[in-house]
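Written below as structure tokens is the structure these notes are about.
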Amino acid sequence: EAGVAQSPRYKIIEKRQSVAFWCNPISGHATLYWYQQILGQGPKLLIQFQNNGVVDDSQLPKDRFSAERLKGVDSTLKIQPAKLEDSAVYLCASSLDRGASYEQYFGPGTRLTVT
Amino acid sequence: AQSVTQLGSHVSVSEGALVLLRCNYSSSVPPYLFWYVQYPNQGLQLLLKYTSAATLVKGINGFEAEFKKSETSFHLTKPSAHMSDAAEYFCAVSDVSGNQFYFGTGTSLTVIP
């Protein structure tokens, strides 16, 4: 079974530029999560999708971050414009269904450096 | 509101020694508790989870954790450390809905040969 795929693996941009990350979850997984992991900290949940709908985006900085999962499969996370403090690893995870009893499977992450 | 606190950002143990990683939680509702491991340049992998069934939870790679409500703790243990256990370990808490997951700041485990 293929795992969660993310691309790119690394990205370096200057502040005020825009960037997009892509995630392909495990086939058949209805729930998809985006996390931000700043160096030295634990992952912070940004947004959770159930199929193509948003379950929770309360911790997503909506003035600069956006995410979509139009067909209920792949998802993209965008930052526009980027700030220095956005430097982090962005992790995507998926689970079979919604709820804490369903295991989340994580991708390898995209490491973003904003200069 | 929910949160977790991991005591000790760095823990070193000798190979073959007991591993003990500490996690305390705060939750206003019955919590679901998790331990994840992260190897360098990889995503997180679930070690074990507590979902209000047995208080002693056994996970992969010989790890286990005990839910102690009176102490609001969910410490991770392994009787004998192996070199391959060297990694970053994260404790996390959620409610049953899973709408919010809160991770601790992590504990880096070093295993000394």
Side-chain angles (χ1 to χ4, degrees), chain A residues 1-10 21 23-26 29-50 53-60 88-112, chain B residues 1-10 21-25 27 29-54 57 59-60 67 74 76 87-108:
Chain A
E1 177 180 82
V4 176
Q6 291 187 247
S7 67
R9 290 295 311 275
Y10 305 91
F21 312 125
C23 173
N24 181 230
I26 292 173
H29 280 196
T31 312
L32 185 147
Y33 311 79
W34 282 103
Y35 289 86
Q36 179 193 56
Q37 186 177 15
I38 294 173
L39 186 64
Q41 299 182 20
K44 173 187 171 183
L45 181 60
L46 296 176
I47 188 168
Q48 181 184 161
F49 290 95
Q50 180 71 4
V54 176
V55 172
D56 189 282
D57 62 358
S58 57
Q59 298 204 77
L60 187 74
V89 175
Y90 291 85
L91 295 166
C92 179
S94 70
S95 62
L96 188 61
D97 205 340
R98 185 180 161 190
S101 60
Y102 291 94
E103 180 176 348
Q104 293 186 39
Y105 294 84
F106 284 80
T110 296
R111 182 178 299 276
L112 174 66
Chain B
Q2 297 170 304
S3 67
V4 291
T5 301
Q6 292 185 241
L7 299 175
S9 57
H10 298 276
L21 304 182
R22 300 178 186 274
C23 173
N24 288 88
Y25 71 92
S27 179
V29 297
Y32 278 42
L33 293 159
F34 309 81
W35 275 101
Y36 285 86
V37 61
Q38 185 176 35
Y39 297 100
N41 298 315
Q42 295 185 29
L44 282 73
Q45 180 183 9
L46 180 67
L47 278 176
L48 49 82
K49 64 180 179 183
Y50 166 76
T51 59
S52 75
V57 181
I60 62 172
F67 173 71
F74 190 59
L76 182 71
E88 189 86 14
Y89 291 81
F90 292 94
C91 182
V93 65
S94 175
D95 63 11
V96 64
S97 74
N99 288 349
Q100 282 295 330
F101 268 78
Y102 296 96
F103 282 83
T105 52
T107 298
S108 177

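Convention: sequence-line order gives letters A, B, ...; per-chain numbering from 1.
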| field | Portion of Q6(A) that has a non-hydrogen atom of chain B nearer than 4.5 angstrom | value | neither

| Is the backbone N or O of N41(B) less than 3.5 Å from a side-chain atom of R111(A), with the two atoms forming a donor-acceptor pair by type? | no

| note | Applying a strict 4.5 Å limit to non-hydrogen atoms, the region of S97(B) in contact with chain A is backbone

| query | Between S58(A) and Q100(B), which heavy-atom pair has the shortest distance, and what is it? | reply | OG-NE2, 3.2 Å

| request: Sort out for me which of S95(A), G42(A), A93(A) touches chain B most, counting heavy-atom pairs under 4.5 Å. | output: G42(A)

| field | More than 12 heavy atoms of other groups within 6.0 Å of L39(A) CG | value | no

| Which residues share a side-chain hydrogen bond (donor to acceptor under 3.5 Å, both in side chains) with T51(B), sequence neighbours left out | none

| note | Between the CZ atom in F34(B) and the CD atom in E103(A), the distance rounded to the nearest 0.5 Å is 9.5 Å

| note | Taking every heavy atom of D56(A) against every heavy atom of N99(B), the minimum-distance pair comes out as CB-O, 3.9 Å

| remark: From the list V4(B), D95(B), L46(B), the residue making the most non-hydrogen contacts under 4.5 Å with chain A is L46(B)

| Which answer fits Y32(B), side chain, backbone, both or neither, if we ask what part of it has an atom under 4.5 Å from a heavy atom of chain A? | side chain

| query | What pairs meet the side-chain hydrogen bond (donor to acceptor under 3.5 Å, both in side chains) rule with one or both residues in residues 34-47 of chain A, with sequence neighbours excluded? | reply | W34(A)-S75(A), Y35(A)-Q104(A), Q36(A)-Y90(A), Q37(A)-Q38(B)

